[in-house]
Colleague: 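There's a structure below that I have some questions on.
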Amino acid sequence: MKYVSTRDRMRTYTAAEAIVKGISDDGGLIVPSSFPVLDEAKFDALLGMDYPERAASVLSEYLDGFSFEELLDYANRAYSRFDGDDPCPLVKVDDGLFMLELWHGPTYAFKDMALTLLPYLMVASKRKLGDESKTLILVATSGDTGKAALEGFRDVEGTEIVVFYPVDGVSAMQKRQMITQQGENVHVAGIKGNFDDAQTAVKRVFTDAEVIAKLKEHGIEMSSANSINWGRLAPQIAYYISAYCDLVNAGEISRGEKINFVVPTGNFGNILAGYYAYRMGLPVHKLIVASNANNILSDFFNTGKYDVNRKFFKTMSPSMDILVSSNLERLIFEVTGRDSAKVRKIYDDLKKDGRFELDMSELDLDVFEAGWADEEDTREAMFNFFDLDDVVLDPHTAVAASVYSEYADETEDETTSVIVSTASPYKFACDVYNAIAGAKEKDPDKAVMKLHAFTAAECPDGILALNSLPVRHTSVIERDGVKQAVYDFVLGEEK
Ligand SMILES: *Cc1c(COP(=O)(O)O)cnc(C)c1O
């Protein structure tokens with residue numbers, strides 16, 4: 001399996017190069033040159049496997065140069081860090097409705113599904129390429145990626161990591177998780193701006209010739225742990241396929257029966273992995289894109305217009321407060337028939353005018369549906385799911401639940417549906433507790449205790465331990481200070 005750039009189909013990479021580079025030299029994203037097919041025999045085998053085996057098996061379809069045994073070793077190590085026997089349990093909410101809980105990892109959000117594994121893939125890829133440079137991981141985070149990447153790369157030999165988060169744009173718990181991060185190779189800075197500012201600044205540093213040259217003098221190369229990195233996306237494909245296997249094994253669906261996935265969406269990484277699973281042959285009826293009040297993606301799917309010239313909202317679901325969804329580029333590449341010239345033109349327009357428009361009737365997007373939930377809808381979903389089904393949802397998952405309820409009402413579609421549940425409610429304890437108890441608690445620690453008392457939902461130990469950890473990272477920088485911060489953090493002592 002070769003990889004190509006979305007902006008130049010002739011530019012190819014190996015799997016190891018794709019993981020080490022993160023982004024193509026031409027600014028495009030790196031995508032697989034074709035989709036492996038899940039045939040009957042492979043599907044049979046997957047049904048009998050546990051999660052790490054399924055993950056290794058799906059990965060080995062994509063990662064040439066990595067053996068199944070090697071991938072299984074990485075997957076076993078990564079997923080042993082999750083609570084419970086199953087890293088991604090499928091929980092039945094009602095007849096035909098399930099939650100795929102992806103937040104039982106070390107940082108309590110779905111980012112752990114890939115970021116516990118990525119460091120192994122990254123280190124192995126460098127070894128396979130004979131590359132002895134040190135890896136500098138740069139991350140822009142809307143809240144959850146940062147912490148998951150810090151935990152994943154903490155004290156991994158040959159790596160150093162710098163995370164930038166929007167200083168007023170993450171939840172109290174998310175911020176505390178990051179500023180208390182331990183480890184010798186970790187750096188964290190707040191950035192005065194929103195996630196898009198942070199992501200744009202970081203993307204610019206990746207392709208900045210001066211930075212590349214200067215780091216090279218010190219034997220350092222940059223890579224990305226954001227979902228632009230293929231090593232982030234590939235592990236996410238596995239849980240869509242695994243959830244399907246679990247439904248078959250539980251007798252909830254018959255083999256070959258189509259199902260829906262509903263995905264709370266920000267940077268379009270999670271749902272794109274679902275689309276890739278569909279392209280591999282997974283029987284999917286609908287992939288439902290759920291946006292919060294920053295509904296640029298649902299607007300795009302419903303009108304063909306993508307326009308970032310709009311008001312930006314800070315919501316209860318900060319990990320979805322995104323206007324420039326990087327991974328949409330990968331979908332556009334696929335649905336324009338892999339027309340890299342067209343992708344280039346679209347992304348030039350986006351850079352120039354902050355907008356582009358596509359004729360949706362020409363594109364094969366039938367598998368997608370899209371909707372959005374405002375803050376009131378989101379609170380209502382948290383309240384209703386607890387009230388009616390005893391399920392405690394975090395605000396991101398509640399956005400998806402709200403969009404699903406509306407979709408089901410409007411379409412009367414009775415297809416078995418899986419809502420992808422992306423974070424522990426305790427990570428957003430104030431908003432969750434206030435929504436379901438009709439309260440106004442502002443103290444996150446008190447909210448954790450009250451949420452537990454009110455719902456009896458299990459609270460992860462790591463959340464309880466957070467308020468006793470010392471703050472280790474206090475830097476706050478201006479929007480244009482990313483490059484200097486990288487120099488200060490990484491080359492600091494040598495200057
Ligand atoms: C990152 C994140 C999302 C959005 O996922 P994308 O891959 O960016 O679309 C949704 N929910 C939570 C809790 C997240 O951390």
Side-chain angles (χ1 to χ4, degrees), residues 29 88 99-115 139-151 163 165-166 169-171 173-175 177-178 195-196 198-199 224-230 232-237 239-240 261-276 287-298 300-301 315-331 368 370 372-373 378 381-382 393-403 419-429 431-432:
L29 300 188
C88 44
M99 292 280 164
L100 175 59
E101 293 184 352
L102 300 179
W103 41 265
H104 296 281
T107 76
Y108 320 115
F110 93 93
K111 306 298 197 293
D112 289 325
M113 294 301 299
L115 279 164
V139 180
T141 184
S142 58
D144 290 325
T145 297
K147 178 62 184 181
L150 288 162
E151 267 311 308
V163 169
Y165 68 94
V170 299
S171 86
M173 218 47 104
Q174 288 176 318
K175 182 168 179 172
Q177 279 186 311
M178 289 188 278
F195 170 72
D196 292 311
Q199 175 158 262
S224 169
N226 279 105
S227 54
I228 54 174
N229 192 314
W230 176 245
R232 269 285 301 281
L233 279 179
Q236 294 178 182
I237 301 170
Y239 52 72
Y240 286 91
F261 288 101
V262 194
V263 189
T265 299
N267 221 0
F268 208 73
N270 198 349
I271 197 162
L272 182 78
Y275 175 75
Y276 284 174
L287 292 168
I288 302 173
V289 179
S291 300
N292 68 15
N294 295 297
N295 56 1
I296 187 164
L297 280 169
S298 60
F300 169 71
F301 280 96
T315 72
M316 292 180 287
S317 45
S319 303
M320 295 154 66
D321 289 345
I322 294 175
L323 295 182
V324 186
S325 293
S326 299
N327 280 298
L328 187 64
E329 178 166 346
R330 287 183 160 116
L331 179 70
F368 286 99
W372 67 286
T378 307
M382 287 191 271
L393 303 179
D394 95 283
H396 303 76
T397 309
V399 166
S402 171
V403 168
I419 295 176
V420 176
S421 176
T422 50
S424 161
Y426 285 100
K427 243 182 142 162
F428 306 90
D431 289 322
V432 177

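Numbering starts at 1 and runs along the sequence shown. Keep in mind it's a predicted model, so treat the numbers as computed, not measured. Atoms within each ligand, like the ligands themselves, are counted from 1 in listed order.
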Colleague: Show the short N or O contacts, below 3.5 Å, that ligand 1 makes with protein N or O atoms; if there are none, say 'none'.
Modeller:
| unit_1 | atom_1 | unit_2 | atom_2 | d |
| --- | --- | --- | --- | --- |
| ligand 1 | 7 (O) | G269 | N | 3.1 |
| ligand 1 | 7 (O) | N270 | N | 2.9 |
| ligand 1 | 8 (O) | N267 | N | 2.7 |
| ligand 1 | 9 (O) | G266 | N | 2.8 |
| ligand 1 | 9 (O) | N267 | N | 3.2 |
| ligand 1 | 9 (O) | F268 | N | 3.0 |
| ligand 1 | 11 (N) | T422 | OG1 | 2.9 |
| ligand 1 | 15 (O) | K111 | NZ | 2.6 |
| ligand 1 | 15 (O) | D144 | OD2 | 2.5 |

Colleague: Taking only residues two or more places apart in sequence or in another chain, which ones pass side-chain hydrogen bond (donor to acceptor under 3.5 Å, both in side chains) with R330?
Modeller: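 Residues passing side-chain hydrogen bond (donor to acceptor under 3.5 Å, both in side chains) with R330: N327.
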Colleague: Check side-chain hydrogen bond (donor to acceptor under 3.5 Å, both in side chains) between K111 and all other residues, then give those that pass, not counting sequence neighbours.
Modeller: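 K111 satisfies side-chain hydrogen bond (donor to acceptor under 3.5 Å, both in side chains) with no residue once adjacent residues are dropped.
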Colleague: List the residues meeting side-chain hydrogen bond (donor to acceptor under 3.5 Å, both in side chains) with N229, not counting sequence neighbours, and say none if there are none.
Modeller: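 With neighbours one apart ignored, the set is empty.
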Colleague: Could you check whether S326 and Q199, counting side-chain N and O atoms only, form a donor-acceptor pair closer than 3.5 Å?
Modeller: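 Judged by distance alone, the side chains do pair up.
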Colleague: Between S319 and Q174, is any side-chain donor less than 3.5 angstrom from a side-chain acceptor?
Modeller: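 Short answer, yes.
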Colleague: Suppose we call two aromatic rings close when their centres sit under 6.0 Å apart. Are Y426 and Y108 close by that rule?
Modeller: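 Between Y108 and Y426, which both carry aromatic rings, the centre distance is not below 6.0 Å.
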